[in-house]
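Here is the naming used below: chain letters follow the sequence lines, and residue numbers restart at 1 for every chain. The figures here come from the full heavy-atom set of this structure, side chains too, leaving out hydrogens, waters and symmetry mates.
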Amino acid sequence: MIQSLPGFKDILPAEIRKWQFVENICRDIFESFGYQEIRFPVLEKAQLFSRSVGNDTDIVQKEMYTFKDKGDQSVTLRPEGTACVVRALIQHNLIYKGMHKFYYVAPMFRYERPQRGRLREFHHLGVEAFGDPSPYVDAEIMEINMEILKKLNVDVRVEINNIGCKKCRPLYIKVLKEYLMEKKGLLCEDCQRRLNTNPLRVLDCKKESCRKVTASAPSILDYVCNECKNHFNEVQRLLTKMKVDFVVNDKIVRGLDYYTSFVFEIISDRLGAQGTVSAGGRYNDLVEELGGSPTPACGFAAGEERIIELFDYKEDDRFVDAVVVPVGKDAMDFSFFLTENLRKEYIRSEFISSGSLKSALRKANRWKAKWVLIIGEDEMKEDMVSLRDLERSVQKKVKVKDVISVIRRGLDE
RNA sequence: GUGAGUAUAGCUCAGAGGUAGAGCACCAGGUUGUGGCCCUGGUGGUCGUGGGUUCAAGUCCCACUACUCACCCCA
């Protein structure tokens with residue numbers, strides 16, 4: 001048997017309504033905030049991500065689907081959307097055309113070991129806002145998140161942090177590294193390694209021994225520049241005014257290098273080890289770094305699979321409204337074309353071409369159909385159909401020309 | 001990349017060395033043209049794959065593969 005690849009999942013009809021439900025809610029909210037949909041290619045030049053996400057990040061180092069195409073060019077299946085949007089923004093000069101806020105609903109790819117809440121192909125619901133450095137944009141981004149989670153009635157917690165910018169963060173990293181070096185012996189093996197590769201990551205370690213060390217480590221909040229500090233304070237003020245429950249967690253470290261100052265994570269405790277439902281922040285330097293003119297920006301992405309796991313949704317498993325059943329050979333053609341006419345009226349219909357009436361009714365019942373149209377010798381003679389309402393278990397004969405309007409009325413009830 | 005757990009019917013699972021099972025689902029009949037509930041019957045399995053031990057392996061041993069969870073890391 002040929003199976004799907006590990007970490008790649010089929011989304012089957014039984015769950016598709018749930019996906020559509022989430023996507024529709026998000027689209028409506030994004031658009032009400034003035035965001036426009038953008039679609040970008042699945043495949044990009046590899047360097048787009050090494051230059052934006054950061055060459056030393058795990059995403060680029062070990063998680064990307066990167067390969068040479070037939071033209072010997074190094075290409076990558078997108079691991080995230082922000083870099084793609086920024087590329088499109090620059091390439092098409094979108095910001096000069098008056099477009100500055102975008103959203104996307106798109107699959108992403110990362111070569112990781114699959115586990116609960118983590119797949120190799122997964123779906124991001126993301127938005128990006130360009131051109132405005134003000135904390136009101138950050139607040140807007142948070143508002144969008146809260147709006148989605150409220151509509152889906154999902155219980156989460158919000159953690160925020162200020163991770164500084166390219167001016168002030170290097171200073172903090174230097175201080176942190178010095179502090180950690182002194183306590184190196186108390187850190188776990190991984191963290192001793194991280195000391196050199198990425199000292200900020202030590203803050204994120206969940207091991208008890210390391211947490212003890214990092215608990216009294218210098219906080220980034222004391223080292224950020226005035227600009228970052230003021231921005232972060234303003235965002236906090238707005239969040240409080242918006243009645244968003246948040247905690248400042250100065251241990252949050254995002255796995256992507258492009259973030260500046262405000263970052264956030266929205267976390268659920270009901271998702272196992274991978275609890276981050278949505279995350280994002282400000283990235284004021286990225287557009288310039290990718291060759292555009294300096295443009296501040298802020299955005300986020302939510303994991304669709306993780307959101308879907310969080311809320312209950314009652315499936316409407318009816319996918320057929322009416323089942324047309326000919327009884328006897330003479331009714332076949334007539335029934336077939338009657339089915340066609342129902343379909344032209346957008347009444348979801350199935351034509352039963354074989355089997356007993358009993359089995360046809362069983363099928364109709366299993367499909368949760370509302371109507372069964374039974375057409376046999378008698379009905380043909382009288383130019384009528386026997387219209388059975390499966391929900392009420394009542395049946396009556398209806399003139400063929402009236403069938404559609406009767407069904408219509410019944411479905412609207 | 002590392003560790004642990006799991007693998008028997010479409011699904012959920014029992015079976016601990018001696019003929020492959022149950023519930024649900026599916027199909028048919030009980031009603032010459034009537035679903036759900038009920039009753040009766042039926043279809044369906046190279047017991048993940050390959051090797052080994054044994055008179056005999058779904059069961060014991062080894063290897064592999066897949067899935068799941070966790071680490072790393074992330075949405």
Side-chain angles (χ1 to χ4, degrees), chain A residues 1-9 14 53 57-64 78-82 105-126 145 156 188-191 193-194 197-198 200-201 204-207 252-256 264-268 271-281 299-310 323 325-328 331 352 355-380 385-395 397:
Chain A
M1 183 180 53
I2 297 175
Q3 289 192 63
S4 56
L5 292 165
F8 286 70
K9 284 264 201 300
V53 173
T57 59
D58 276 24
I59 291 179
V60 171
Q61 284 296 311
K62 46 183 234 200
E63 294 172 9
M64 291 205 309
R78 59 182 180 223
E80 62 112 29
T82 303
V105 180
M108 303 295 164
F109 305 85
R110 292 183 199 171
Y111 192 87
E112 302 177 84
R113 194 71 165 256
Q115 69 183 75
R116 182 169 176 200
R118 184 206 285 147
L119 295 165
R120 287 182 174 178
E121 181 188 31
F122 58 102
H123 295 77
H124 267 175
L125 299 148
N145 271 280
V156 292
C188 71
E189 248 177 71
D190 286 333
C191 284
R193 179 176 43 79
R194 288 188 191 115
T197 56
N198 198 342
L200 287 175
R201 282 256 148 257
D204 205 30
C205 187
K206 290 165 194 92
K207 293 207 177 66
I252 289 184
V253 182
R254 311 282 16 265
L256 299 86
F264 74 93
E265 288 187 14
I266 294 177
I267 305 152
S268 164
L271 287 176
Q274 310 303 327
T276 304
V277 176
S278 175
F300 81 93
E304 191 167 6
E305 283 83 355
R306 292 181 186 179
I307 288 181
I308 279 173
E309 215 188 309
L310 275 179
V323 175
V325 188
V327 178
I352 303 290
S356 64
L357 174 59
K358 184 184 185 127
S359 78
L361 278 156
R362 277 203 190 132
K363 274 180 203 160
N365 187 59
R366 195 170 71 232
W367 297 336
K368 302 276 197 313
K370 163 110 172 133
W371 300 108
V372 175
L373 288 70
I374 301 165
I375 300 144
E377 223 176 307
D378 304 345
E379 287 87 351
M380 292 287 284
V385 308
S386 288
L387 185 60
R388 183 171 184 80
D389 181 333
L390 289 185
E391 285 170 357
R392 293 181 186 160
S393 298
V394 294
Q395 184 168 327
K397 282 194 179 174

Send over the distance from [X] [atom1] to [N] [atom2], rounded to a whole Å.
| X | N | atom1 | atom2 | result |
| --- | --- | --- | --- | --- |
| A:Glu63 | B:U2 | CD | P | 16 Å |
| A:Gln3 | B:U65 | CD | P | 14 Å |
| A:Lys368 | B:G35 | NZ | C1' | 12 Å |
| A:Leu387 | B:G33 | CG | P | 20 Å |
| A:Leu361 | B:G36 | CG | P | 9 Å |
| A:Asp378 | B:G33 | CG | C1' | 9 Å |
| A:Ile375 | B:G33 | CD1 | P | 16 Å |
| A:Lys358 | B:U32 | NZ | C1' | 13 Å |

Proximal nucleotide (of [options]) relative to the [X] side chain:
| X | options | answer |
| --- | --- | --- |
| A:Arg116 | B:G29, B:C73, B:A70 | B:A70 |
| A:Gln274 | B:C67, B:C73, B:U34 | B:C73 |
| A:Arg113 | B:A70, B:G30, B:A75 | B:A70 |
| A:Arg366 | B:C27, B:A28, B:U34 | B:C27 |
| A:His124 | B:A75, B:C27, B:G35 | B:A75 |
| A:Asn365 | B:A75, B:G35, B:U34 | B:G35 |

*Can you check whether any acceptor in the base of B:G33 is under 3.5 Å from a donor in the side chain of A:Ser356, or vice versa?*
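Counting by modelled atom types and ignoring angles, no donor-acceptor contact under 3.5 Å is found here.
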*Side-chain-base donor-acceptor pair under 3.5 Å for A:Arg306 and B:C74*: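 Indeed, a donor on one side and an acceptor on the other fall under 3.5 Å apart.
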*Are OP1 or OP2 of B:C71 and a side-chain N or O of A:Gln115 less than 4.0 angstrom apart?*
yes
_A:Lys363 side chain near B:U34 phosphate (N/O to OP1/OP2, under 4.0 Å)_ =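 So the side-chain polar atoms of A:Lys363 never come under 4.0 Å of the phosphate oxygens OP1 or OP2 of B:U34.
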*Salt bridge A:Glu305-A:Lys9, side-chain N to carboxylate O under 4.0 Å*: no
*In the 5'-to-3' direction, what one-character label does each nucleotide of nucleotides 5-11 of chain B receive under the scheme B = base within less than 4.0 Å of a protein heavy atom, S = sugar-phosphate only, - = no such atom?*
-------
*Any chance you could list the contact pattern along nucleotides 37-43 of chain B? Use B for base contacts, S for sugar-phosphate-only contacts and - for none, protein heavy atoms under 4.0 Å, 5' to 3'.*
-------
Which one is paired to [N], where only Watson-Crick or G-U wobble pairs with both distances under 3.5 angstrom count?
| N | result |
| --- | --- |
| B:U40 | B:A28 |
| B:U65 | B:A7 |
| B:U54 | none |
| B:U12 | B:A22 |

Gap in Å between the two [atom1] atoms, one belonging to [N] and one to [M], rounded:
| N | M | atom1 | answer |
| --- | --- | --- | --- |
| B:C60 | B:G1 | C1' | 32 Å |
| B:U46 | B:G42 | C1' | 23 Å |
| B:U32 | B:G44 | C1' | 31 Å |
| B:G23 | B:A14 | P | 16 Å |
| B:U8 | B:A57 | C1' | 14 Å |
| B:G35 | B:C26 | C1' | 16 Å |
| B:G50 | B:U59 | P | 13 Å |
| B:C47 | B:G17 | C1' | 15 Å |

Would you say [X] and [Y] make side-chain contact, with heavy atoms under 4.5 Å?
| X | Y | answer |
| --- | --- | --- |
| A:Pro79 | A:Tyr111 | no |
| A:Val323 | A:Trp371 | no |
| A:Asn145 | A:Phe264 | yes |
| A:Leu256 | A:Thr82 | no |

_Please evaluate residues A:Asp378 and A:Lys397 with respect to the criterion side-chain contact (heavy atoms from CB on, under 4.5 Å), reporting the C-alpha separation (whole Å), side-chain torsions for both, the decisive distance (0.1 Å), and the verdict._
CA-CA 10 Å; A:Asp378 304 345; A:Lys397 282 194 179 174; 4.1 Å; yes
*Side-chain (A:Arg78) to main-chain (A:Phe109) donor-acceptor, under 3.5 angstrom*: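 No; judged by distance alone, with no hydrogens or angles, the pair does not exist.
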_Quick one: does any side-chain atom of A:Glu309 pair with a main-chain N or O of A:Arg306 as donor and acceptor, under 3.5 Å?_
no
Across the strands shown, which category fits [X] at heavy-atom distances under 4.0 angstrom: base, sugar-phosphate, nothing?
| X | result |
| --- | --- |
| A:Leu256 | sugar-phosphate |
| A:Ser359 | sugar-phosphate |
| A:Gly117 | base |
| A:Glu379 | base |
| A:Ala364 | nothing |
| A:Lys9 | sugar-phosphate |

*Using heavy atoms to find the nearest nucleotide of RNA chain B for A:Tyr111 and A:Ile266 separately, return the residue whose nucleotide is more 5′.*
A:Tyr111
_5'-most by nearest nucleotide on RNA chain B - A:Leu390 or A:Ala279_ = A:Leu390
*Euclidean distance, A:Leu200 CG relative to A:Ile252 CD1, rounded to 0.5 Å*: 12.5 Å
*Over 12 non-hydrogen atoms of neighbours within 6.0 angstrom of CD in A:Glu391*: yes
